[in-house]
Amino acid sequence: MHVNIETEALGDPSHSAIFMVSGWAMPKEVMKPLAKRLSERFYVVIANLPGISLDDQRRARVRIEPNYDIDALSERLIAAAPKDCWWIGWSLGGMVSTYVAARRSSCVKGLITISAAPSFIQREDWPEGMAPMVFDEFSQLVSESPEQGMKRFLMLQVKGARHERPLMKQLQALLPKQLHKNALVGGLRLLRSLDVRREDSLLDLPNLHILGQNDCLVVLTFLATQTNVNPFQEVIVVPDCAHQPFLEEEDVCVQYIENFIDANT
């Protein structure tokens with residue numbers, strides 16, 4: 001059964017538009033505080049990845065494996081996005097947004113990623129990511145026990161944050177009551193295969209990459225090569241933040257995003 005990408009719109013549709021794509025396993029509500037702030041100046045649409053939802057009825061309708069083929073997913077997100085808009089993607093959502101921005105640049109005004117590496121997995125010429133064996137062990141845990149897998153994932157997300165415990169409670173409160181295992185497994189399969197380093201180098205539009213200094217899921221040493229990828233690119237590291245700087249330092253992230261869009265409009 002084909003189910004459209006789930007979105008929520010905030011702000012005035014007559015304003016410049018932003019399209020926000022959430023990360024693996026995390027519903028769009030995690031990004032809603034940032035979206036609300038940005039909606040004071042922009043028309044903001046936030047999107048879930050397939051099968052991830054706080055809407056029990058919507059999740060129940062997705063009975064078959066959600067489609068995480070990168071090209072099919074890209075087309076579905078483009079169809080859900082406002083025309084001529086800025087794309088903001090978090091984590092896996094940032095990697096997917098980078099893919100779209102490079103390959104379908106006519107649909108994207110500019111790109112902002114948050115806590116997203118070009119490749120999440122170590123590769124022969126990319127030592128910066130997670131070891132494939134470690135990733136596969138985590139994927140196996142998610143497949144066998146989605147609840148235990150999510151518990152471990154949340155711990156990794158908040159590790160290094162200035163206030164880990166309240167951040168953990170905030171994220172836990174936003175998890176669906178029932179997890180969609182096929183969506184989690186499909187998303188992990190995409191996360192393992194996706195490598196957007198080439199897309200990074202091809203971007204011919206303004207692109208900003210915001211990272212948390214203490215993020216244990218995205219290794220910052222790749223910045224040495226990232227900052228010279230193309231002349232349209234800027235990289236910002238937010239001090240004392242983990243994997244969700246837009247929650248940990250909301251004001252700082254809002255300022256960086258607004259300033260970047262203003263400077264490139």
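Residue numbers count from 1 along this sequence.
No side-chain donor-acceptor contact under 3.5 Å links His163 to the backbone of Pro166. The backbone N or O of Gly160 lies less than 3.5 Å from a partner atom in the side chain of Glu164, making a donor-acceptor pair. Formation of a donor-acceptor pair under 3.5 Å by the Asn207 side chain with backbone atoms of Leu205 is found in this model. The main-chain N or O of Arg197 is found under 3.5 Å from a side-chain atom of Asp195 such that the two form a donor-acceptor pair. No donor-acceptor pair under 3.5 Å is formed between the side chain of Asn214 and the backbone N or O of Ala161. Here the side chain of Lys181 pairs a donor or acceptor atom with the backbone of Ser143 at under 3.5 angstrom. With hydrogens and angles disregarded, no donor-acceptor distance shorter than 3.5 Å links the side chain of Trp24 to the backbone of Leu191. When atom types are taken as modelled, the side chain of Ser201 and the backbone of Arg198 share a donor-acceptor pair closer than 3.5 angstrom. A donor-acceptor distance shorter than 3.5 angstrom exists from the side chain of Ser22 to the backbone of Met26, with no hydrogens or angles considered.
Of the residues listed (Leu179, Asn182, Leu141), the one engaging Pro146 in a side chain to side chain contact (heavy atoms under 4.5 Å, CB included) is Leu179, and it is the only one.
Taking each heavy atom of Asp215 and Ala242 in turn, the nearest pair found is CB-O, 3.7 Å. Scanning all heavy atoms of the two residues, the minimum distance from Arg76 to Pro50 falls at NH1-CG, 4.0 Å. In terms of heavy-atom proximity, Ala9 sits nearest to Tyr43 at CB-OH, 3.5 Å. The two residues Val237 and Pro239 come nearest to each other via the heavy atoms O-CD, 3.5 Å. Nearest heavy-atom pair, Tyr99 versus Ser74, reported as atom, atom and distance to 0.1 Å: CD2-OG, 3.5 Å. Taking each heavy atom of Trp86 and Lys109 in turn, the nearest pair found is NE1-CD, 3.5 Å.
Between the side chains of Glu234 and His209, not a single donor N or O lies within less than 3.5 Å of an accepting N or O. In this model, a donor atom of one side chain and an acceptor atom of the other lie less than 3.5 Å apart for Ser53 and Glu6. Between the side chains of Asp12 and Ser14, a donor-acceptor pair is found at a separation under 3.5 Å.
Under a 4.0 Å N-O distance rule, the pair Arg41/Asp262 qualifies as a salt bridge. A salt bridge links Glu250 with Arg37: the distance from a Lys NZ or Arg NE/NH1/NH2 to an Asp or Glu carboxylate oxygen falls below 4.0 Å. A salt bridge is absent between Asp71 and Arg103: the closest approach of a Lys/Arg side-chain nitrogen to an acidic carboxylate oxygen does not fall below 4.0 angstrom.
Looking at Ile46 and Leu10, their side chains come closer than 4.5 Å, going by heavy atoms from C-beta outward. For the pair Pro82 and Phe19, the minimum side-chain heavy-atom distance is below 4.5 Å. You'll find the side chain of Val185 reaches within 4.5 Å of the side chain of Arg189, heavy atoms only. Annotation: side chain of Ser115 is not in contact with side chain of Gln244 (no heavy-atom distance under 4.5 Å). By the 4.5 Å heavy-atom criterion applied to side chains, Leu175 and Leu154 are counted as neighbours. The closest side-chain heavy-atom distance from Leu38 to Glu258 is below 4.5 Å. Side-chain contact between Arg123 and Asp125 is present, with heavy atoms from C-beta onward closer than 4.5 Å. With contacts defined as side-chain heavy-atom distances shorter than 4.5 Å, the pair Val238/Gln213 does not qualify.
Ring-plane geometry between Phe153 and Phe138 is classed as tilted, the angle between the planes lying from 30 to 60 degrees on a 0 to 90 degree scale.
Atom CG of Asn48 and atom OG1 of Thr7 lie 9.0 Å apart (nearest 0.5 Å). For the atom pair CD1 of Ile52 and CD of Glu29, the computed distance is 11.5 Å after rounding to the nearest 0.5 Å. Separating the CE atom in Met130 from the SG atom in Cys216 is a distance of 7.5 Å, to the nearest 0.5 Å. To the nearest 0.5 angstrom, Met155 atom CE is 13.0 Å from Met150 atom CE. One finds the SG atom of Cys253 at 8.0 Å from the CZ atom of Phe246 (value rounded to the nearest 0.5 Å). Note: Ile210 CD1 to Glu249 CD = 12.0 Å, rounded to the nearest 0.5 Å.
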**Stepwise salt bridge (charged side-chain N to carboxylate O under 4.0 Å, His left out) test for Arg162 and Glu248** = CA-CA 8 Å; Arg162 189 183 291 111; Glu248 301 165 70; over 6 Å; no
**Chi angles and distances behind the side chain to side chain contact (heavy atoms under 4.5 Å, CB included) call for Glu199, Val100** = CA-CA 9 Å; Glu199 282 74 17; Val100 173; over 6 Å; no
**Asked** Going through the checks in order, is the side chain to side chain contact (heavy atoms under 4.5 Å, CB included) test met by Val142 and Leu188?
**Response** CA-CA 9 Å; Val142 170; Leu188 286 174; 3.9 Å; yes
**Request:** Go through the steps to decide whether Leu174 and Lys32 satisfy the test side chain to side chain contact (heavy atoms under 4.5 Å, CB included), and finish with yes or no.
**Result:** CA-CA 11 Å; Leu174 291 171; Lys32 194 166 181 178; over 6 Å; no
**Request:** Could you please spell out the steps behind the side chain to side chain contact (heavy atoms under 4.5 Å, CB included) verdict for Leu167 and Leu247?
**Result:** CA-CA 8 Å; Leu167 183 58; Leu247 290 178; 4.2 Å; yes
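The ring pair (Phe, Tyr, Trp, His ring centres under 6.0 Å) check on Tyr256 picks up nothing, with sequence neighbours excluded.
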Throw together a table of side-chain donor-acceptor distances under 3.5 angstrom for residues 87-97, partners on residues two or more places apart or in other chains.
residue : atom : partner : partner atom : Å
Trp90   : NE1  : His243  : O            : 3.0
Ser91   : OG   : His243  : NE2          : 3.0
Ser97   : OG   : Gly93   : O            : 2.7

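Residues Val108 and Phe232 fall into different hydrophobic clusters, defined by Ile, Leu, Val, Met, Phe, Trp and Tyr side chains chained together at heavy-atom separations under 4.5 Å.
Summarising the local packing, CD of Gln172 is surrounded by more than 12 heavy atoms from other residues, nucleotides or ligands at distances under 6.0 Å.
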